[in-house]
Amino acid sequence: MSLEALDPERCWDLLCAREARSDFVYAVLTTGIFCRPGCPSRRPRREHVLFLADAAAALAAGFRPCRRCAPQGGEAPSWLGEACRLLESEPELDLDAVARRCGVGRSTLHRSFLRHLGLAPGAWRRAAAARRLGAALGAERTVTDAIERAGYRQPSTAYGAGRARLGAGPRALRDGGGGLLLTWARAASSLGAVVVAWTDEGLCLLEFLEDGETPEGRIRARWPAARLLPAGPEDAARIAAVVAALEEPRTAAELPLAVRGTAFQERVWAALRTLRPGERVSYGELARRLGAPRAVRAVARACGENPVAVLVPCHRVVGSDGALRGYRWGLERKRALLEREAADGDEAPAPVGRKRRRARAGAS
């Protein structure tokens, strides 16, 4: 099942039927474990389930593989799941100790994490802790209890991790964004209406709106309890700069962003911002540039979860054959953006994969 075709309702039906041959995995937010749909374990509650394209995407998101159904298959060494478990459950172990417990050297541990997960072991441990914190905040009665359940020794560390990885402090996250003040505006562009929202740190949301959709509704989907402040006349220059970046992406790098995600997502988004207007890259090549050549689907998923259209230019990522693949805001917008960038400068470069094939053909 391709990433674009991942239908949560169909996936849930297959999970309930324990369809062992399905080509996706599911993660359980309350346990931090991911499984195959045919796993014999007790079926989780629907609201606790997250569907992912494959084991690489689940591992990159900080989940550990189930021991009963072994969802990794042959994608990663057998000891990698144990390494993930040790990093998550025994924070007092240093990386040398984790490597010894897994029967490998530290350099092998480091290389395998980068290759299969797209993260160094230390970054994976921090991302997993932040993910546990996010889950615990929804389950525990108090923020203090959630911090303890997530395994943080110091509240200050948890608050720093919450802001760095989850976009807000633990209390604000537990309250659905309570305490956050987001200024927002609806704006018109040649590609359709957009909603833009920002904090004191920078822009945190820029998305195209569908017909009949309200800006407040789109924002509430991410931050249900945040305080929303409609933009005033004093914000006109900021809004105009955002619209200008949509029309002329070469100015996008000048706008400050305050987007937060997992460590892997942030690496993908940072790499996207290095692409020049008109440049195209395949998902596979982007994964290779990140040092995670097997994390193609995880890269595609990070592109799909990009919260700021155009400013983080996920529209510049195409299939290995140059064809346009999925785009959260519609393929027509993706095509229009690429055509506009090509018209504004030199002819858009072909995807790297195609260039290499042509080079090999010329050398033969």
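Excluded from the calculations below are hydrogen atoms, water molecules and symmetry mates; all remaining heavy atoms, backbone and side chain alike, are included.
Between the CZ atom in Phe34 and the CG atom in Leu50 there is a gap of 12.0 Å [rounded to 0.5 Å]. Rounded to the nearest 0.5 angstrom, Leu87 CG and Leu109 CG are separated by 6.5 Å. If you take CG on Leu52 and SG on Cys11, they are separated by 9.5 Å, rounding to the nearest 0.5 Å. In this structure, CH2 in Trp12 is found 8.5 Å from OH in Tyr26, a value given to the nearest 0.5 Å. Atoms CZ and SG, on Arg43 and Cys16 in that order, are 4.0 Å from each other to the nearest 0.5 Å. Rounded to the nearest 0.5 angstrom, Thr183 OG1 and Arg238 CZ are separated by 7.5 Å.
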Item to check | Verdict with supporting geometry, Arg10 and Leu14, side chain to side chain contact (heavy atoms under 4.5 Å, CB included) | outcome: CA-CA 6 Å; Arg10 177 173 178 267; Leu14 292 172; 3.9 Å; yes

Next on the checklist: If you apply the rule side chain to side chain contact (heavy atoms under 4.5 Å, CB included), what do you find for Val194 with Glu207, and how did you get there?
Outcome noted: CA-CA 5 Å; Val194 296; Glu207 295 188 356; over 6 Å; no

Item to check | Audit row: Trp79, Cys84, side chain to side chain contact (heavy atoms under 4.5 Å, CB included) steps and yes/no | outcome: CA-CA 9 Å; Trp79 52 262; Cys84 291; over 6 Å; no

Item to check | Steps toward side chain to side chain contact (heavy atoms under 4.5 Å, CB included) verdict (Leu324, Val318) | outcome: CA-CA 5 Å; Leu324 303 190; Val318 298; 3.8 Å; yes

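Minimum heavy-atom separation, Arg273 to Leu255: NH2-O, 3.8 Å. Of all the heavy atoms in Cys66 and Cys35, the pair that sits closest is CB-SG, 3.5 Å. Across all their heavy atoms, Gly284 and Val296 have their closest contact at CA-CG2, 3.9 Å. What you find for Arg328 and Glu305 is that their closest heavy atoms are NH1-C, 4.2 Å. Scanning both residues, Ala309 and Leu246, for their nearest heavy atoms gives O-CD2, 4.3 Å. The two residues Trp269 and Ala302 come nearest to each other via the heavy atoms NE1-O, 3.0 Å.
Using a 4.5 Å heavy-atom cutoff, the side chains of Ile239 and Trp198 are in contact. Between Asp96 and Arg106 there is a side-chain heavy-atom pair separated by less than 4.5 Å. Side chains of Leu229 and Leu182 form no contact here, defined as non-hydrogen atoms less than 4.5 Å apart. Within the 4.5 Å cutoff, side-chain heavy atoms of Phe51 are placed close to those of Leu15. Side chains of Cys102 and Leu86 form a contact here, defined as non-hydrogen atoms less than 4.5 Å apart. His315 places none of its side-chain heavy atoms less than 4.5 Å from the side chain of Arg335. Taking 4.5 Å as the limit, every side-chain heavy atom of Val259 sits out of range of all side-chain heavy atoms of Leu203. Counting heavy atoms from C-beta outward, Arg316 and Leu272 have side chains that stay 4.5 Å or more apart.
With 3.5 Å as the limit, one finds a donor-acceptor pair spanning the side chains of Arg340 and Ser190.
Arg46 has a carboxylate O that lies under 4.0 Å from a charged side-chain N of Glu9, or vice versa, which qualifies the two as a salt bridge.
Judged by distance alone, the side chain of Arg294 and the main-chain N or O of Ala287 form no donor-acceptor pair under 3.5 Å. Not one N or O on the side chain of Asn306 forms a donor-acceptor pair closer than 3.5 Å with the backbone of Pro313. Counting only distance, with no hydrogens or angles, the side chain of Lys334 and the backbone of Val317 share a donor-acceptor pair below 3.5 Å. In this structure, Asp94 contributes its side chain and Ala97 its backbone to a donor-acceptor pair below 3.5 Å.
For the pair Arg333 and Tyr327, the NZ or CZ position fails the cation-pi test of under 6.0 Å to the six-membered ring centre and within 45 degrees of the ring normal.
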